[in-house]
Number of protein chains: 2
Amino acid sequence: MATISDVAAKAGVSTATVSRALNGKSTVDPQLVARVRTAVDELGYQPNGLARNLRRQETAVLALIISDVENPFFTAIARGVEDVAQTAGYSVVLCNSDEKPDKERRYLDVALQERVAGVVLCPAGTATGVELLRQRGTPVVAVDRPLPGEPGDQVLVNTRLAAREATTHLLDAGYRRVGCVTGPSGIRTADERLAGYRDALGAAGMAPTSAPFRHAEYHRADGARAAAVELLDLAEPPDALLIANSAMAIGVLEALAGRGLRPGRDIGVVAFDDPPWATLIDPPLSVVAQPTYQIGSAAAELLLARIGDPDRPPVTRTLAAQLIPRGSSRGGRHREVTGGSRSPGSR
Amino acid sequence: MATISDVAAKAGVSTATVSRALNGKSTVDPQLVARVRTAVDELGYQPNGLARNLRRQETAVLALIISDVENPFFTAIARGVEDVAQTAGYSVVLCNSDEKPDKERRYLDVALQERVAGVVLCPAGTATGVELLRQRGTPVVAVDRPLPGEPGDQVLVNTRLAAREATTHLLDAGYRRVGCVTGPSGIRTADERLAGYRDALGAAGMAPTSAPFRHAEYHRADGARAAAVELLDLAEPPDALLIANSAMAIGVLEALAGRGLRPGRDIGVVAFDDPPWATLIDPPLSVVAQPTYQIGSAAAELLLARIGDPDRPPVTRTLAAQLIPRGSSRGGRHREVTGGSRSPGSR
DNA sequence: TTGTAGGCGTTATCAA
DNA sequence: TTGATAACGCCTACAA
């Protein structure tokens with residue numbers, strides 16, 4: 001593979017001149033520049049990024065570590081990160097931690113070893129190893145979930161409030177026993193959504209402790225389906241469900257269909273995320289839409305700012321999720337007829 | 001940032017010994033290894049991957065360039081690539097070409113400059129720049145779409161045959177005027193699916209040239225929706241539709257709903273890809289499922305084999321897609337009763 | 001078994 | 001303006 005010396009030899013100049021010519025440095029004789037260029041073309045020379053980075057002690061690469069490539073929530077974030085990074089001249093490499101701390105750790109090591117310019121991280125578990133990044137001074141922005149320890153730059157969603165609003169919405173629609181299927185215990189978004197759900201119950205004068213809920217895996221419909229079945233089999237089954245993401249919503253909706261329960265009539269349903277198929281099903285799914293793309297772009301902006309000025313104070317950006325009521329959370333027919341009596345129903 | 005010399009100094013040995021100890025090389029005094037390890041821990045030393053790669057002239061990084069991060073088809077492939085790569089000790093960096101040749105080109109340049117060990121590429125457009133990789137001897141495996149020029153390693157899906165089977169299935173179900181919404185002209189899968197669709201019509205004795213079809217963007221529901229509307233507005237509208245992917249299926253199904261047309265009764269529908277919501281809608285969507293994960297794992301295997309032996313003959317792996325008939329392609333009720341009169345409409 | 005020293009391909013410093 | 005030269009941090013003959 002051709003090196004800079006080959007080019008220099010062919011152009012009859014020194015390697016220094018080639019380097020300067022190629023990097024558009026200061027004043028180089030235009031004639032020499034031309035000679036260098038033709039030599040480059042003839043040799044098919046491609047600068048060795050490895051050597052360059054080693055010398056410069058920096059790379060124009062950002063690492064984005066997410067916990068599930070197959071989750072549209074994260075891929076939308078990826079797009080936001082990428083667009084901002086691209087325009088700033090950075091490349092983005094996407095790493096999939098699969099919600100596994102050891103895989104995350106491994107990618108963090110790689111990021112460190114490859115000396116990436118910065119990392120956007122959606123922490124899985126306790127994010128051991130992020131300490132290393134901090135020690136090294138490698139800029140990190142946490143996304144969707146905060147990093148343990150003292151806060152650095154982060155972009156979060158006010159998901160607890162959103163869960164509370166969604167639950168209140170179900171209550172207002174006349175549902176009296178709202179249940180919740182949330183993500184794995186220990187994952188911040190899952191815990192927050194459960195907390196927000198309980199907030200709403202408490203505010204409505206209900207005992208949050210007796211609230212019917214289940215944990216399930218975020219990325220598989222199976223677990224959520226089983227969780228829904230369990231809830232439906234309760235002595236006092238819920239008449240409405242808050243679901244913590246769209247992958248789980250699929251499992252839950254399957255379970256409901258299996259029981260012949262129709263959302264919006266027999267049972268109220270609101271799910272986090274606004275997947276493209278939400279309006280396709282009958283009735284359309286009420287959702288809590290998250291500003292995914294903005295999460296990504298905001299994270300990238302924060303990261304670039306941090307790279308530019310390592311000493312700026314850390315900033316937390318909290319974005320709002322938006323409740324979009326659709327058919328699946330309309331009050332049930334039965335409820336409309338009998339008129340919700342004592343419960344905190346509306347209408 | 002601590003370097004290998006720092007460690008050597010602290011452990012009271014030479015850099016060579018540190019290097020050997022850390023890389024588990026041959027015979028190093030266990031006592032020295034221990035000293036080195038503690039020094040490493042105390043300094044928080046992380047080897048500089050840049051320098052290492054420069055020296056070794058190789059990286060344990062694979063680049064995966066896909067045309068749409070938000071398309072589940074590609075993210076499933078990514079997972080397949082990643083799993084195989086991981087177990088072989090390689091990291092995977094995912095790059096999103098966004099179906100734009102210049103972005104693809106840019107990422108190929110980066111891959112080249114960073115001297116990745118190999119590239120899995122889903123070519124956008126004519127994949128200019130892949131020539132560079134080939135000249136350089138950087139292993140490439142094409143996925144989903146073949147590379148122009150003489151064939152290298154590639155993993156394809158027999159999508160033309162699958163389209164033909166799906167169309168025949170619709171014909172067999174009693175639909176008489178099958179239409180097609182395919183992807184952008186020039187993209188291999190889109191063209192192949194259209195061709196397969198025409199194959200089926202031809203085999204059934206119909207004139208493929210008069211077949212009602214439209215092209216639309218792969219990743220947006222909008223275009224497909226508009227395309228469907230156009231087809232439905234035809235003087236002789238189709239009574240069944242073959243749709244080239246699931247994102248477009250959403251647009252088409254919306255258009256059908258807008259017209260009050262019920263899949264499986266008023267109009268037959270089969271779409272490529274088997275999204276999780278396919279069984280959630282009513283009636284369930286008939287699909288052509290593609291072996292996405294296997295595509296990815298096969299591609300990674302081919303790439304690793306090529307890295308191991310640059311001189312092996314190129315291999316093409318063609319995988320089969322599978323038709324999964326569900327409710328949306330049942331023959332219409334009217335059709336079953338009257339038994340196929342003349343007009344292509346139902347009811 | 002350990003240490004010395006050279007080089008991977010660039011860029012930056014310093015003279016000329 | 002250009003060129004020789006010294007790093008960047010690591011690995012690996014080769015020598016001890």
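Chain letters run A, B, ... following the sequence lines, proteins first and then strands; every chain starts at 1. In what follows, every heavy atom counts, from backbone to side chain, and hydrogens, waters and symmetry copies are set aside.
The main-chain N or O of Gly44(B) is found under 3.5 Å from a side-chain atom of Arg136(A) such that the two form a donor-acceptor pair. At least one donor-acceptor pair under 3.5 Å links the side chain of Asp29(A) to the backbone N or O of Gln31(A). A donor-acceptor pair under 3.5 Å is absent between the side-chain atoms of Glu192(A) and the main chain of Thr159(A), judged by distance alone. A distance-only check finds a donor-acceptor pair linking the side chain of Arg188(A) to the backbone of Asp144(A) [under 3.5 Å]. Proximity of a side-chain donor or acceptor of Arg20(B) to a complementary backbone N or O of Lys25(B) within less than 3.5 Å is not detected.
We find that CD of Gln113(B) is positioned 13 Å from C1' of dG9(C), with the value rounded to whole Å. As rounded to whole Å, 10 Å separates atom P of dT1(C) from atom CZ of Arg20(B). To the nearest angstrom, P of dG9(D) lies 15 Å from CD of Gln46(B). Atom pair Gln31(B):CD and dT2(C):C1' shows a separation of 14 Å (rounding to whole Å applied). As rounded to whole Å, 15 Å separates atom C1' of dC10(D) from atom CG of Asn53(A). Distance CZ (Arg56(B)) to P (dC8(D)): 21 Å, rounded to an integer number of Å. Distance, Arg55(A) CZ to dC10(D) P: 16 Å, rounded to whole Å. In this structure, the CD atom of Glu58(A) is 13 Å from the C1' atom of dT10(C), given to the nearest Å.
Here dT2(C) is the nucleotide among dT1(C), dT2(C), dT12(D) with the atom lying nearest to any side-chain atom of Val28(B). If you check dT1(C), dT1(D), dG9(C) against the side chain of Thr27(A), the one that comes closest is dT1(D). Proximity note for Ala51(A) (side chain, C-beta onward) versus dT10(C), dG3(C), dG3(D): the nearest is dT10(C). Distances from the side chain of Pro47(A) to the nucleotides dT1(C), dT10(C), dA12(C) place dT10(C) closest. The nucleotide whose nearest atom lies closest to any side-chain atom of Thr15(A) is, among dT12(D), dT11(C), dT2(D), dT11(C).
Nearest-nucleotide positions on DNA chain C for Asp29(B) and Thr3(A) put Asp29(B) closer to the 5' end. Both Ala16(B) and Leu50(B) sit near DNA chain D, but only Leu50(B) has its closest nucleotide nearer the 5' end. Residue-to-nucleotide proximity on DNA chain C shows that, of Gln57(B) and Arg52(A), the 5′-proximal contact is made by Gln57(B).
Applying the 4.0 Å criterion to OP1 and OP2 of dC8(C), one finds that Asn48(A) has every side-chain N and O outside that range. Considering only side-chain N and O atoms, Thr17(A) lies under 4.0 angstrom from the phosphate OP1 or OP2 of dG3(D). Contact check, Lys25(A) against dT1(D): no side-chain N or O comes under 4.0 Å of OP1 or OP2.
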